[in-house]
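Below is one structure; the comments refer to it alone.
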Amino acid sequence: MTTAIELNGLTKTYGDLLAVDAVSAIVLPGKVTALLGPNGAGKTTTLRMLLGLVAPSSGTATFGGRRYVELMDPVRRVGAQLEASGCHPGWTALDYLRILTTASRLPAEAPKRVLEETGLAEAARRRVGEFSLGMRQRLGLAAAMLGDPGVLVLDEPTNGLDPPGVRWLREYVRRLADEGRTVLLSSHALSEVELIADDVLVLARGRLIRSAKLATMRAEAGVGSRVRTPDPTALCAALEAAGLVSRWAEDELIVDAPPEEVGELCAKHGIVLHALAGTAGLEQAFFRLIDESPEEEVALS
């Protein structure tokens, strides 16, 4: 289980549209590497090229020096989940995994093992059409792990999972990496990434704009604040007057200053706050990188 993933000048164009632009990176064994980027950054296209589902326009994506199509017995080398399981809703989870096991010439006990690992053992004989999205996510992960591979590639694996499911996934993926496996996952959930990732790759408009250890990015970002107020106009004016940089993220304002400084400023101006908390360093670094990324070609996700 010492297989590294290597992207070397990986590029994909669709006509005049540049989706992925000369991405080069190495994903190391024993690490959880998070592939981050806004919608349209090229994350899914990159993963699909890695898995041989989309042909690169140029460059290579390899596992231990071999492209996916060149791997001998690939299900034992690489497990992948790009979306929740799409198996027939009339099949049971056990039936689905048995079919995959037979097709891949894996040991007959493989379905039982992965059903237990993913917490689906009690639902093994339920029809997949009765599954929640979170359960289908677990089933997709179970299918990816049937061959007990040394590499795991996941695209937005927390989609549809409830909080206990997210925590379970975090612990499961962490254990796989600690066993020496190579884990590459894409995610929009920056708070979850901060709890699990070792290394981070950031894409914007198809380009790799940062490759670093998570700890390095957090240290560079410093401490920021998340703020909610019933008077955002007054808050924005006060922040601007104080020379503090801020940006909106859904219904919250992200401020590049520690909570103590923001709280004191709001108290000075009589601004009511509904919430004030420190931000994760990764979130600060992510938005700063995206804001600084040049406006060029709009890439596909």
Point-to-point distance, once rounded to the nearest 0.5 Å, from [atom1] of [X] to [atom2] of [Y]:
X: Glu252; Y: Ser246; atom1: CD; atom2: OG; answer: 13.0 Å
X: Leu276; Y: Ser225; atom1: CG; atom2: OG; answer: 5.5 Å
X: Thr46; Y: Asp155; atom1: OG1; atom2: CG; answer: 10.0 Å
X: Ile271; Y: Asp231; atom1: CD1; atom2: CG; answer: 6.5 Å
X: Thr60; Y: Arg67; atom1: OG1; atom2: CZ; answer: 9.0 Å
X: Glu6; Y: Arg66; atom1: CD; atom2: CZ; answer: 14.5 Å

Where do [X] and [Y] come nearest, in terms of heavy atoms and distance?
X: Lys43; Y: Leu35; result: CD-O, 3.6 Å
X: Ser24; Y: Gly9; result: OG-N, 2.8 Å
X: Gly160; Y: Leu133; result: CA-CD2, 3.6 Å
X: Ser104; Y: Asp73; result: O-OD1, 4.4 Å
X: Pro111; Y: Leu146; result: N-CD2, 3.8 Å
X: Arg76; Y: Arg105; result: NH2-O, 3.3 Å

Heavy-atom donor-acceptor pair, [X] side chain to [Y] backbone, under 3.5 Å:
X: Arg136; Y: Phe131; answer: yes
X: Arg138; Y: Thr118; answer: yes
X: Thr229; Y: Pro232; answer: no
X: Glu156; Y: His188; answer: yes
X: Lys12; Y: Ala55; answer: yes

Next on the checklist: Between Leu18 and Thr11, does the side chain to side chain contact (heavy atoms under 4.5 Å, CB included) criterion hold? Intermediate values first, please.
Outcome noted: CA-CA 8 Å; Leu18 184 61; Thr11 301; 4.0 Å; yes
Within the structure provided, determine whether [X] and [Y] are in side-chain contact (heavy-atom separation under 4.5 Å).
X: Gln81; Y: Gln137; answer: yes
X: Tyr68; Y: Val151; answer: no
X: Arg113; Y: Asp148; answer: yes
X: Leu184; Y: Leu50; answer: yes
X: Arg210; Y: Val200; answer: no
X: Leu82; Y: Leu51; answer: yes
X: Leu244; Y: Glu261; answer: yes
X: Leu235; Y: Val255; answer: no

With a 4.0 Å cut-off on N to O distance, would you call [X] and [Y] a salt bridge?
X: Lys112; Y: Glu109; result: no
X: Arg175; Y: Glu179; result: yes
X: Arg205; Y: Asp21; result: no
X: Asp198; Y: Arg174; result: yes

Item to check | Full working for side chain to side chain contact (heavy atoms under 4.5 Å, CB included) between Val272 and His274 | outcome: CA-CA 7 Å; Val272 175; His274 286 175; 4.3 Å; yes
Next on the checklist: Let's go through Glu130 and Arg127 carefully: what are the C-alpha distance in whole Å and the side-chain angles of both, what is the deciding distance for salt bridge (charged side-chain N to carboxylate O under 4.0 Å, His left out) to 0.1 Å, and is it a yes or a no?
Outcome noted: CA-CA 6 Å; Glu130 302 172 358; Arg127 297 186 186 279; 5.4 Å; no
Checklist entry - Which is it for Leu97 and Leu139 under the side chain to side chain contact (heavy atoms under 4.5 Å, CB included) test, yes or no, and what are the steps along the way? => result CA-CA 9 Å; Leu97 294 174; Leu139 182 57; 4.1 Å; yes
Next on the checklist: Between Thr182 and Thr3, does the side chain to side chain donor-acceptor pair (under 3.5 Å) criterion hold? Intermediate values first, please.
Outcome noted: CA-CA 7 Å; Thr182 306; Thr3 301; over 6 Å; no
Checklist entry - Going hydrophobic residue to hydrophobic residue with side-chain gaps under 4.5 angstrom, can you get from Leu176 over to Trp168? => result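 Looking at the clustering, Trp168 is in the same group as Leu176.
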Next on the checklist: One pair to check against side chain to side chain donor-acceptor pair (under 3.5 Å): Asp95 and His88. What are the steps and the verdict?
Outcome noted: CA-CA 10 Å; Asp95 288 339; His88 192 284; over 6 Å; no
Checklist entry - For Trp248 and Leu253, what are the C-alpha separation, side-chain angles and deciding distance, and is it a side chain to side chain contact (heavy atoms under 4.5 Å, CB included)? => result CA-CA 5 Å; Trp248 284 102; Leu253 199 63; 3.4 Å; yes
Next on the checklist: Under the side-chain contact (heavy atoms from CB on, under 4.5 Å) test against Leu201, which residue among Val27, Ile209, Ile26, Leu36 passes?
Outcome noted: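 Of the listed residues Val27, Ile209, Ile26, Leu36, the side-chain contact (heavy atoms from CB on, under 4.5 Å) partner of Leu201 is Val27.
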Item to check | More than 12 heavy atoms from other groups under 6.0 Å of CZ on Arg247 | outcome: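 Counting other residues, nucleotides and ligands, CZ of Arg247 exceeds 12 neighbours.
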